[in-house]
Q: 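Attaching a single structure in structure tokens format; questions to follow.
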Number of protein chains: 2
Amino acid sequence: MTDRPDIPRSRRERPAKPALSREGIVAAAVAVLRAEGLPKVTMRRLAQELDTGPASLYVYVRNTAELHAAVLDELLGTIGPVPAEGTWRERLERVLTAYTAMLFEHPSLARSALTARPSGPHYLTLIETLLTLLDEGGVPPAQAAWGVDMLLQQATATAAEHSADEATQEDWDTLTRALHEVSDQTHPHLAALADTLLSGAPPVRQSWGFQALITGIERTAVPD
Amino acid sequence: MTDRPDIPRSRRERPAKPALSREGIVAAAVAVLRAEGLPKVTMRRLAQELDTGPASLYVYVRNTAELHAAVLDELLGTIGPVPAEGTWRERLERVLTAYTAMLFEHPSLARSALTARPSGPHYLTLIETLLTLLDEGGVPPAQAAWGVDMLLQQATATAAEHSADEATQEDWDTLTRALHEVSDQTHPHLAALADTLLSGAPPVRQSWGFQALITGIERTAVPD
DNA sequence: ACCTGAACACCGTTCAAGT
DNA sequence: ACCTGAACACCGTTCAAGT
């Protein structure tokens, strides 16, 4: 058992600590996200993972929000292209559904995407795809541009809401109860529509929402 | 200077500590929100404000998210009725704009509203108002019910996004730069529409968004 | 039942000091 | 320039013990 005095012991014990880099940090963040969810993707936790102190990460990442945005862009890259069959409307809905499905798996990421808009390469490509499809459908460019924003916002907000944690379930129960207890004297429409307000499986409502939005975007001119 | 031994000194030093109650906690939370914003509305801070320990609050409030939802419902009560003039569309937009304006003053509240749906009395009344206006416009009830959800979601998401803190501004700058650097070879639509994507003052875009959404809701039938 | 002190198990971010 | 230890200033929530 020979010691090699030219390399300190600590350097040989583990697979060699890789140099820090933005990519490395984001990759570690994605790994932690996949394994334990976004709430665990913290500066401190990542520092631990990368065998350093939290302060070191601030050389590469401005803050936690920016880190989360980078993680989202990374995941956006996993969506992949959707089949080219069908009408532009069908393909548009398919892209949006793929986007939403990805966010449904990481609702907390959807939550953070609403605040810290991503601006990475995969996000830009997604926008390009949506613009292309709207153009194919003959939607005037200005309407398409503003519309893309709404479509992504709706998809993101829906995913953020449907985070299926316990707390959210309780919220929903509370709302259900409140809706059914409402007086038809003071809230006639609410009383009449209580069940409809809560009806529809998420995919069905989501699909209806996309169709309604697309129709509205198609038919509403942008002011000069 | 006579001591009154039947009342402990500590009880006389301050205006008399009021008994804890859900209403008292929510009222204190609203006060802190108004003075310092939602991030300061924490269990610990409220406990301090109410001269007790954080653990005591858990008798009346399930957790921080529920507290924030209660605060939102309270603020919803301050919106007040909107003038009855104009078409149903105009009045609908006015209600939604009032809702959004309130949330714009408390963007962090909008953020939390996307996750923890409120179910308080003021929220129910807001839904009733929206349903009434859609009914007046002849929108079929089922479409109105699902549509209300989308309208509120859009309003809330927009407010959440436009939180004007520093970080958000930086995000926006980053996105602007990214959009203008994009290659028109790989992203032709994006390159052509970069300016349009970013154009429009928030109130103008918001208004366009509501109109597009209302039109879509009007014209899209709910599946059986 | 209601209330509490204390503890557990964490956070983000900054800064002075080192290499 | 890059990296770091240590510190600052906080969090939410639970639990055993008290009234």
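Residue numbers start from 1 in every chain, and the chains themselves are labelled A, B, ... in the order their sequence lines are given, proteins ahead of strands.
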Q: What distance do A/H187 atom NE2 and B/T129 atom OG1 have between them, rounded to the nearest 0.5 Å?
A: 7.5 Å
Q: For D/dC15 versus C/dC2, give the span between their C1' atoms, rounded off to a whole number of Å.
A: 15 Å
Q: Report yes or no: does B/H180 contribute a side-chain atom to a donor-acceptor pair with the main-chain N or O of B/T176 at less than 3.5 Å?
A: yes
Q: Thinking salt bridges, do B/K40 and B/E49 make one under a 4.0 Å N-O criterion?
A: no
Q: Donor-acceptor pair, distance only, cut-off 3.5 Å: does the side chain of B/S56 make one with the backbone of B/T52?
A: no
Q: Just to be sure I understand: a Watson-Crick pair is purine N1 to pyrimidine N3 plus N6-O4 or O6-N4, both under 3.5 Å. Using that and G-U wobbles, which stems of three or more pairs involve DNA chain C?
A: C:4-8 with D:12-16, C:12-16 with D:4-8
Q: Let me know the distance between CG of A/L50 and C1' of D/dT4, rounded to the nearest Å.
A: 14 Å
Q: Let me know the distance between CD1 of B/I25 and P of C/dC2, rounded to the nearest Å.
A: 12 Å
Q: What are the atom names and distances for every N/O pair under 3.5 Å that joins the protein to nucleotides 8-12 of chain C?
A:
{"residue": "C/dC11", "atom": "OP1", "partner": "A/T42", "partner atom": "OG1", "Å": "3.3"}
{"residue": "C/dG12", "atom": "OP1", "partner": "A/M43", "partner atom": "N", "Å": "3.3"}
{"residue": "C/dG12", "atom": "OP2", "partner": "A/M43", "partner atom": "N", "Å": "3.3"}
{"residue": "C/dG12", "atom": "OP2", "partner": "A/R44", "partner atom": "N", "Å": "3.4"}
{"residue": "C/dG12", "atom": "N7", "partner": "A/R44", "partner atom": "NH1", "Å": "2.5"}
{"residue": "C/dG12", "atom": "O6", "partner": "A/R44", "partner atom": "NH1", "Å": "2.6"}

Q: Could you state the interatomic distance from CG (B/L103) to OG1 (B/T158), rounded to the nearest 0.5 Å?
A: 10.0 Å
Q: Rounded to the nearest Å, what distance is computed from the CG atom of residue B/L20 to the P atom of nucleotide D/dT19?
A: 18 Å
Q: Whether the side chain of B/W208 engages the backbone of A/W146 through a donor-acceptor N/O pair (distance < 3.5 Å, no angle test) should be reported.
A: no
Q: Which is it for A/Q153 and B/E161 under the side-chain hydrogen bond (donor to acceptor under 3.5 Å, both in side chains) test, yes or no, and what are the steps along the way?
A: CA-CA 9 Å; A/Q153 190 169 77; B/E161 263 181 30; 2.9 Å; yes
Q: Would you say the side-chain atoms of A/D184 pair up with the backbone N or O of A/A191, donor to acceptor, closer than 3.5 Å?
A: no
Q: Between C/dA9 and D/dC10, how far is it from one P atom to the other, in whole Å?
A: 23 Å
